[in-house]
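Data block below; observations after.
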Amino acid sequence: METRVQTPGQLFQLTQTLEIPLFQRPYVWTEERQWAPLWEDVVRLVDLRMDQAPSATHFLGAVVMQQSSGPMGFAAEYTLIDGQQRLTTLQLLLNAASSALRDAGQVASANNLRKLTLHDEDLGFTGTERLKVRHTNGDGVPFQAAMLSSAPADEGASPAPHLILAAHRFFYDCVTEWLAEGDSDAIAQRATSLAMTLSRGFEIVVISLNSEEDSQSIFETLNARGTPLTQADLVKNLVFQKLEAEGADIRKAYEANWGLFDEPFWTSEVRLGRFTLPQVSLFLNHWLVAQTGEEVRTPATFARFKHWLEYENPGSVIDVVRALHERAVDYQAWIAAANSREGAIDPIALFFYRSLAAGTRAATPLVLWLFDAVNGIPRAEAEAALHWFESWIVRRAILGLPASDMSRSVAQLIRDLRAVEPDDVAMTLRSLLESFDSPGNYWPSNAELERALHGAPVYRTLPRTRLRMVLEAIEDDARGYTTGRGSWSGSRVPRDTMNIEHILPRQWRQNWPVGTEQEEIDRDEHVHRLGNLTLLTTPLNSSVSNRAWSPLCQP
């Protein structure tokens, strides 16, 4: 068995045919779950490689193939044991992009991509023999139609076209529209960048078996039995292999630095959307984003880390391990302080408390970057930058704006701030946030926030943790904890423990009647607004919370 990381150019430029066996399941990938996210990754990577990181890569996953034991022709033949959905989609993308580039007059780029999907006819290949990936199941006919046609795949008249034809058409349309976004002078450059990115910018772990190895056992091991290696496990294995090659003291490096990551805090699972992963894997991803200034999807952490370590890291591996340890110690201390319920809290821990209450973890890379001593940013400057960053995050959370573009925006901020003098980081960050103008990343204004808070039924629209965090911030401000003011109370409000109660009770009609139907409507609209909410140390039972005020208490 041989394992290697290859780009599509390296995998498909060879004169070899990958055959998908009859027993493999049919093609099931769809636009919403796979095609659209893959195209978004393509666009992001092309932009990144054209802009600031020409060697940036993106990890696509793993495939397993086994050399055929039968007689071979001019092309070596392999059976695709695992990864058929991934490689089928990649072939459709490459072929559709080739067709779109050809139709846009970019013949050279089109031909370069077409060579990754079809064997040259000059070598004697004809018909379906030209396919570099060949289906032997029911997907064979539509796949051939998509790959061998001189025109974009025809989805047919059926209301539910075959997924393979639909995928080919989807990628053709995406490439065509993307090329049209630039002016005529830029099309050639964009075409070349797209072809280079598709050929060299994506990475696949290719596991090759010889004809004697038990492919079924390996398939079962990869897909069913045992606990799969996490991204942190893969990074750890790579790091210690390279430490050994450097002649470092492996035991000392583990005990002094890496052993921290085997403690319960780091091995505990954290939720990221619909998924969970170990805290250490998430931290490594965020640390890597801080180093590269690139958005790195969590499943691609190891592949991007490996490339960074081997080609972009200016120092030794032991220096990387020590730097990771230092940042991990800081991060763990910040999270521990953010989880404390009472007492003083420094600006970084308070930021983590509020950003987590706002429902995002994607902000972490910028915090790691701001407070990394290597970057030389004065502490006061970093805290000032953090103030604006927190405002951007919390305002968007209060308004319920989407956080889907958060990771990309944070990576962009890191890239832009790298070019700034350390003493100018705070004001530059503020200007960058003010320049964001898309629904996915703009900074809500005071006027927009005031309108929402004056009229929105936040008790119903905001998660309780988020709403409690906002009320706590209001109380802390009243106690004098706003930046630049001294506290007169001597203590902050307890965090994440107090109960949210209504001042005018939700069941107000019995003890708080009004005269007209319109007044009832107006009062109902006010009940769940921010101004009618407060924090109490203990919850009120319904008999108390809905009771009328005594005459002495009435205004």
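The structure presented is a predicted model; accordingly, all values stated were derived computationally and were not measured.
- Taken from CD in Glu475 to OG1 in Thr534, the straight-line distance is 7.5 Å, to the nearest 0.5 Å.
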Quick one, Arg86 with Leu90, criterion side-chain contact (heavy atoms from CB on, under 4.5 Å). Give me CA distance, side-chain angles, the key distance, then yes/no. CA-CA 6 Å; Arg86 182 173 291 108; Leu90 182 57; 5.7 Å; no

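- Side-chain contact between Thr267 and Val280 is absent, with no heavy-atom pair separated by less than 4.5 Å.
- A donor-acceptor pair shorter than 3.5 Å cannot be found between the side chains of Tyr331 and Glu326.
- In this structure, Arg190 satisfies the cation-pi test against Trp178, with its NZ or CZ atom closer than 6.0 Å to the six-membered ring centre and inside 45 degrees of the ring normal.
- Using a distance-only test at 3.5 Å, with no hydrogens or angles considered, a donor-acceptor pair links the side chain of Thr192 to the main chain of Ala188.
- Of the inter-residue distances, the one linking Lys252 atom NZ with Asn257 atom CG reads 9.5 Å to the nearest 0.5 angstrom.
- Pairing each heavy atom of Glu294 with each of Arg415, the nearest pair is CA-NH1, 4.1 Å.
- Between Glu269 atom CD and Gln279 atom CD the span is 10.0 Å, to the nearest 0.5 Å.
- For Glu263, the CD atom counts as densely surrounded, since its 6.0 Å shell holds more than 12 non-hydrogen atoms of other residues, nucleotides or ligands.
- With sequence neighbours excluded, no residue satisfies side chain to side chain donor-acceptor pair (under 3.5 Å) with Asn375.
- In terms of modelled atom types and a separation under 3.5 Å, the side chain of Ser199 and the main chain of Ala195 share no donor-acceptor contact.
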Test Ile398 against Leu453 for side-chain contact (heavy atoms from CB on, under 4.5 Å), laying out the working first. CA-CA 9 Å; Ile398 291 173; Leu453 292 180; 3.7 Å; yes

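- Salt-bridge annotation for Arg304 and Glu312: present, with a side-chain N of the basic residue lying under 4.0 Å from a carboxylate O of the acidic one.
- Ion pairing of Lys306 with Glu310 is present here, as a side-chain N (NZ or NE/NH1/NH2) and a carboxylate O approach within less than 4.0 Å.
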Can you list the steps and then say if Asp319 with Ser316 is a side chain to side chain donor-acceptor pair (under 3.5 Å)? CA-CA 5 Å; Asp319 290 335; Ser316 65; 3.0 Å; yes

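- Heavy atoms only, all atoms of each residue included: Ala253 and Leu243 are closest at CB-CD1, 4.0 Å.
- With hydrogens and angles left out, the side-chain atoms of Asp233 and Thr230 include a donor and acceptor closer than 3.5 Å.
- Closest approach of Gly293 and Ile414 over heavy atoms only: CA-CG2, 4.0 Å.
- Closest approach of Val320 and Phe305 over heavy atoms only: CG1-CZ, 4.4 Å.
- Taking CH2 of Trp392 as the start and OG of Ser409 as the end, the distance is 4.5 Å to the nearest 0.5 Å.
- The ring pair (Phe, Tyr, Trp, His ring centres under 6.0 Å) with Phe261 is formed by just one residue from the set Trp266, Phe240, Trp287; it is Trp266.
- Checking side-chain atoms of Arg33 against main-chain N and O of Glu31 turns up no donor-acceptor pair under 3.5 Å.
- The residues Glu448 and Arg395 are annotated as not salt-bridged, no charged nitrogen and carboxylate oxygen being separated by less than 4.0 angstrom.
- Within the 4.5 Å cutoff, no side-chain heavy atoms of Pro494 are placed close to those of Arg341.
- A donor-acceptor pair is defined here as one N or O able to donate and one able to accept, closer than 3.5 Å; no such pair exists between the side chain of Asp424 and the backbone of Val420.
- Minimum interatomic distance between Met406 and Thr360 (heavy atoms only, all atoms of both residues): CG-OG1, 3.9 Å.
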May I have the step-by-step check of side-chain contact (heavy atoms from CB on, under 4.5 Å) for Glu383 and Phe371, ending in yes or no? CA-CA 9 Å; Glu383 289 184 2; Phe371 293 91; 4.1 Å; yes

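- Between the side chain of Glu501 and the backbone N or O of Leu533, no donor-acceptor pair lies under 3.5 Å.
- Panel note: side chain Arg430, backbone Ala385; no donor-acceptor pair is recorded below 3.5 Å.
- For Gln412 and Asp416, the side-chain atoms include at least one donor-acceptor pair closer than 3.5 Å.
- Between Ala382 and Ile377, the shortest heavy-atom distance links the atoms N-CG2, 3.8 Å.
- Asn112 and Ser109 form no side-chain donor-acceptor contact under 3.5 Å, judged by distance and modelled atom types alone.
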Please lay out, stage by stage, how Ser391 and Trp443 fare under the test side chain to side chain donor-acceptor pair (under 3.5 Å). CA-CA 8 Å; Ser391 172; Trp443 193 4; 3.2 Å; yes

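- Taking CD of Gln291 as the reference point, atom CG of Leu288 lies at 7.5 Å (rounded to 0.5 Å).
- Residue Glu421 qualifies as open at atom CD: its count of foreign heavy atoms under 6.0 Å is 12 or below.
- Note that CG of Leu284 is 7.5 Å distant from OG1 of Thr301, once rounded to the nearest 0.5 Å.
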Hey, mind stepping through Val63 and Ile207 against side-chain contact (heavy atoms from CB on, under 4.5 Å) and telling me if it holds? CA-CA 6 Å; Val63 300; Ile207 303 173; over 6 Å; no

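- Under 4.0 Å is where a charged nitrogen must lie from a carboxylate oxygen, and between Lys236 and Asp262 at least one such pair does.
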Derivation of the side chain to side chain donor-acceptor pair (under 3.5 Å) call for Ser438 and Asn441: CA-CA 6 Å; Ser438 74; Asn441 65 9; 2.8 Å; yes

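- At distances below 3.5 Å, at least one donor-acceptor pair connects side-chain atoms of Arg479 with backbone N or O atoms of Ser491.
- If you check the side chains of Thr298 and Asn285, you find no donor sitting under 3.5 Å from an acceptor.
- No more than 12 heavy atoms of other residues, nucleotides or ligands shown are found within 6.0 angstrom of CZ on Arg460.
- Classification of Glu40 and Arg44 as a salt-bridged pair fails, no side-chain N sitting under 4.0 Å from a carboxylate O.
- Taking a cutoff of 4.0 Å between a charged side-chain nitrogen and a carboxylate oxygen, Asp330 and Arg327 qualify as a salt bridge.
- Looking at Glu342, its side chain never comes within 3.5 Å of a backbone N or O of Arg495 through a donor-acceptor pair.
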Considering only distance and modelled atom types, tabulate donor-acceptor pairs under 3.5 Å from the side chains of residues 347-359, sequence neighbours left out.
residue, atom, partner, partner atom, Å
Tyr353, OH, Glu472, OE1, 2.7
Tyr353, OH, Glu472, OE2, 3.3
Tyr353, OH, Asp496, N, 3.2
Arg354, NH1, Glu390, OE2, 2.9
Ser355, OG, Phe351, O, 3.0
Ser355, OG, Phe352, O, 3.2

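- Not a single donor-acceptor pair under 3.5 Å links the side chain of Glu246 to the backbone N or O of Gln241.
- Arg468 places a side-chain N or O within donor-acceptor distance of the main-chain N or O of Met498, the cut-off being under 3.5 Å.
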